[in-house]
Number of protein chains: 2
Amino acid sequence: MQVRQRLENLSSELTATERKLCTALLLDYPYAGLDTIQDLANKTGTSPPSISRFVTKLGFQGYQDFQRHLIDEIRQANRSPLDLHVGDRPIQGDFLEDFVSRAVNLISASASAITSAQFERVCDLLGDEKRNIYLIGGRISDAIALYVSRHLRQVRSGVFHLPADPEIWPEYMLRMRSKDVLFMVDYRRYQRNLAELARRAKAQSGVQIVVLTDKWMSPAANHANEVFATPIESGTVWDSYSGAMVLMEAMLTRIAETNWDKTRKRIEAWDSLRFDHGARDDDQ
Amino acid sequence: MQVRQRLENLSSELTATERKLCTALLLDYPYAGLDTIQDLANKTGTSPPSISRFVTKLGFQGYQDFQRHLIDEIRQANRSPLDLHVGDRPIQGDFLEDFVSRAVNLISASASAITSAQFERVCDLLGDEKRNIYLIGGRISDAIALYVSRHLRQVRSGVFHLPADPEIWPEYMLRMRSKDVLFMVDYRRYQRNLAELARRAKAQSGVQIVVLTDKWMSPAANHANEVFATPIESGTVWDSYSGAMVLMEAMLTRIAETNWDKTRKRIEAWDSLRFDHGARDDDQ
DNA sequence: TTGACTATGAAAAAATAATATCAAAGCTAG
DNA sequence: CTAGCTTTGATATTATTTTTTCATAGTCAA
């Protein structure tokens with residue numbers, strides 16, 4: 001229940017001091033309640049014990065519990081209309097349109113959770129030809145890792161996508177050097193063996209680790225040098241990876257553009273070597 | 001100055017732990033910073049001293065001073081409609097920001113290129129348990145196909161992801177029945193052998209074919225019953241598949257929600273059968 | 001006016017939170 | 001690989017905040 005509402009419900013049975021508090025709280029709601037109990041007492045000309053008793057009377061565990069509730073309320077209130085719409089109920093109206101607007105939200109949020117400096121650092125790491133790049137993802141998120149590795153392979157050499165089977169990982173681990181990069185995608189539900197891989201790879205070779213994960217932070221992130229965290233809650237039955245996808249595309253584009261000359265030559269050479277059963281050449 | 005901006009400014013000279021904190025703060029900005037120092041340390045897998053040092057480095061007197069600032073920011077943001085999301089990020093020349101806005105355009109365009117009737121038809125096809133589903137994609141776009149098949153497999157049985165090697169395709173073709181569905185993802189540069197696969201599968205078994213492609217229309221689309229065409233030109237060196245990705249997520253969500261009861265049971269059963277080296281069970 | 005009760009805040013105590021210290025681990029340049 | 005530097009978190013300390021205790025002041029009915 002809203003703090004505001006609790007105040008109203010109880011307003012008939014408040015003492016003089018409590019009414020003073022109530023007024024002060026409502027006058028600058030909800031920020032007044034975020035002061036320390038001492039400050040609030042000074043401002044309202046009351047005392048800490050009175051406030052403490054008051055919030056207990058409102059039904060909270062204590063002053064800190066009360067503050068936690070206020071913060072949650074602010075949080076709720078600040079969610080954009082789209083966000084609000086999200087948690088609530090199943091999508092109605094035009095499904096696709098609605099879904100897209102949620103995805104767009106998620107994507108913007110993903111981008112704003114990452115500083116441009118961090119973005120550049122990771123791009124530099126993955127674009128550096130002197131480093132080998134090893135990639136792997138979880139059961140579902142491996143699709144993202146695959147997408148990244150396929151593109152990266154067009155840009156540079158030394159890109160290795162680890163197979164899903166842990167039995168084979170040691171073969172790759174033995175080749176990792178401390179300058180190399182292990183790029184992991186791990187969204188909930190996190191896979192234990194990925195965290196284990198991160199730990200051991202780090203311990204053994206000191207490899208640089210970059211983790212793409214969600215806000216709960218994959219256990220693998222503990223061993224990481226860089227963490228990209230993106231939101232994934234779309235308010236539907238599945239988590240949405242579109243934020244991650246766009247971020248990865250941005251990254252790949254950045255890497256390719258940085259060394260465009262080299263990349264172009266590489267793609268041309270690649271194309272000339274493709275087997276005939278591959279692409280046709282008259283596309284475009 | 002906004003806390004957010006201070007983070008941006010300093011992000012080039014942060015240590016690993018500090019970057020972790022920075023990530024966590026930005027991901028749930030500004031609320032993450034309102035926790036107690038101890039809680040925040042637990043959530044981020046760091047320690048209170050590191051956080052204390054970090055906020056000092058950001059230029060605050062200490063953690064409490066830092067929190068005061070955050071609260072002030074929230075307050076400000078709520079007063080002026082021009083809230084912090086707009087005002088404080090230096091948009092100019094920010095690569096990521098720019099990329100995201102293009103991607104968003106692309107995604108909206110992708111959605112509006114598809115009628116809801118068609119969308120529903122395809123969802124029904126792929127959701128129909130009486131049909132087997134075969135999926136395959138091109139060199140890069142197979143990541144999308146993989147993503148779809150992994151999800152679909154959580155919802156229903158009879159989902160088969162064809163391997164990249166054409167030698168093995170006949171094995172699958174022999175099993176295709178006319179009610180089954182062959183789902184192909186083929187973006188330029190189109191692969192001849194995919195078109196060939198479509199042609200022969202159609203001829204041999206009369207299988208239903210759904211193709212996800214771009215506006216130039218993969219040659220495989222000639223044999224298709226349904227074509228999803230999404231724009232992919234992002235104005236950068238790579239094509240962007242984010243439109244396709246969001247569309248696929250929308251589709252998967254639609255399918256899962258349509259038979260949610262069955263899906264839920266299936267996922268539960270699946271989870272109970274997972275091997276221990278997979279996910280941990282305590283993830284939230 | 002008195003007595004029984006409630007409300008209140010000063011002060012002390014307790015709980016909680018934040019910072020300083022320091023040893024160990026990690027990293028980097030040679 | 002090592003020496004020297006930086007980073008880090010466990011522990012101890014300190015500071016801050018909140019709650020408890022308790023004495024006093026206020027209220028009201030008889």
Side-chain angles (χ1 to χ4, degrees), chain A residues 10-22 24-25 32-71 121 125 130-131 176-181 198-209 221-227, chain B residues 10-25 32-71:
Chain A
L10 278 179
S11 65
S12 53
E13 41 204 284
L14 296 181
T15 69
T17 309
E18 287 169 346
R19 275 199 299 274
K20 241 196 279 185
L21 287 168
C22 182
L25 286 176
L34 297 182
D35 264 331
T36 66
I37 203 170
Q38 184 64 61
D39 285 355
L40 184 57
N42 292 342
K43 279 185 194 164
T44 55
T46 62
S47 67
S50 296
I51 297 174
S52 186
R53 283 188 290 256
F54 179 54
V55 295
T56 310
K57 193 161 164 187
L58 285 174
F60 298 101
Q61 296 298 321
Y63 193 67
Q64 300 184 6
D65 182 41
F66 164 75
Q67 291 190 317
R68 215 42 17 98
H69 274 256
L70 284 177
I71 290 173
R121 278 198 310 274
L125 266 181
K130 291 195 290 291
R131 307 168 188 276
M176 292 180 189
R177 296 289 165 263
S178 70
K179 290 187 67 178
D180 294 348
V181 180
R199 192 183 64 72
R200 294 173 59 172
K202 189 81 189 176
Q204 192 216 298
S205 62
V207 70
Q208 306 289 308
I209 298 184
N222 291 332
H223 312 285
N225 299 77
E226 299 281 355
V227 178
Chain B
L10 276 180
S11 67
S12 52
E13 42 204 280
L14 296 180
T15 69
T17 307
E18 287 169 344
R19 281 200 295 270
K20 236 196 276 187
L21 289 168
C22 182
T23 304
L25 288 175
L34 297 182
D35 262 330
T36 66
I37 203 171
Q38 183 64 61
D39 285 353
L40 184 59
N42 291 341
K43 279 186 194 164
T44 56
T46 62
S47 66
S50 295
I51 296 174
S52 187
R53 283 187 291 255
F54 179 55
V55 296
T56 310
K57 193 161 164 184
L58 285 175
F60 298 101
Q61 295 298 320
Y63 193 70
Q64 300 184 2
D65 182 39
F66 165 74
Q67 291 189 316
R68 271 301 108 66
H69 274 257
L70 283 178
I71 291 173

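Note that these values count all heavy atoms, side chains included, but never hydrogens, waters or copies made by symmetry. We name chains A, B, ... by the order of the sequence lines, and we start the count at 1 in each one.
Nucleotides of DNA chain C nearest to A:Thr17 and B:Gln38 differ in position, and the one nearer the 5' end is that of A:Thr17.
No side-chain donor-acceptor contact under 3.5 Å links A:Lys202 to the backbone of A:Gln208. In this structure, B:Thr44 contributes its side chain and B:Leu40 its backbone to a donor-acceptor pair below 3.5 Å.
Note on A:Ser47: every side-chain N or O is 4.0 Å or more away from OP1 and OP2 of C:dT8.
Residues in residues 60-70 of chain B take part in no side-chain hydrogen bond (donor to acceptor under 3.5 Å, both in side chains) pair, two or more places apart or across chains.
In this entry the distance linking CG of B:Asp39 with P of C:dT16 reads 12 Å, nearest Å. To the nearest angstrom, P of C:dA7 lies 11 Å from CZ of A:Arg19.
Taking A:Arg121 as the reference, A:Ala117, A:Gln118, A:Glu226, B:Arg19 meet the side chain to side chain contact (heavy atoms under 4.5 Å, CB included) condition, with sequence neighbours excluded. Qualifying side chain to side chain contact (heavy atoms under 4.5 Å, CB included) partners for A:Lys179, counting only residues two or more places apart in sequence or in other chains: A:Lys130, A:Arg131.
Atoms OG and CZ, on A:Ser205 and A:Arg200 in that order, are 12.0 Å from each other to the nearest 0.5 Å. In this structure, SG on A:Cys22 lies 8.0 Å from CG on A:Leu58, to the nearest 0.5 angstrom. Here the CD1 atom belonging to A:Ile51 is positioned 8.5 Å from the OG1 atom belonging to A:Thr36, to the nearest 0.5 angstrom.
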Extract from the structure each pairing of a protein N or O with an N or O of nucleotides 25-27 of chain C at less than 3.5 Å, listing the distance.
none

Protein and nucleotides 19-22 of chain C: nitrogen or oxygen contacts under 3.5 angstrom:
| from | atom 1 | to | atom 2 | distance (Å) |
| --- | --- | --- | --- | --- |
| C:dT19 | OP1 | B:Tyr63 | N | 3.3 |
| C:dT19 | OP2 | B:Ser52 | OG | 2.7 |
| C:dT19 | O5' | B:Ser52 | OG | 3.4 |

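Across all non-hydrogen atoms, the minimal contact from B:Gly45 to B:Lys20 is O-NZ, 3.7 Å. Across all non-hydrogen atoms, the minimal contact from A:Val55 to A:Gly62 is CG2-C, 3.8 Å.
Counting non-hydrogen atoms under 4.0 angstrom, B:Ala16 reaches the backbone sugars and phosphates but no base.
When side chains are defined from C-beta on, B:Thr17 does not count as touching B:Phe54, because their heavy atoms never get closer than 4.5 Å.
Counting 5' to 3', DNA chain D first comes under 4.0 angstrom of a heavy atom of chain A and last does so at the ends given by D:dT17 to D:dT20.
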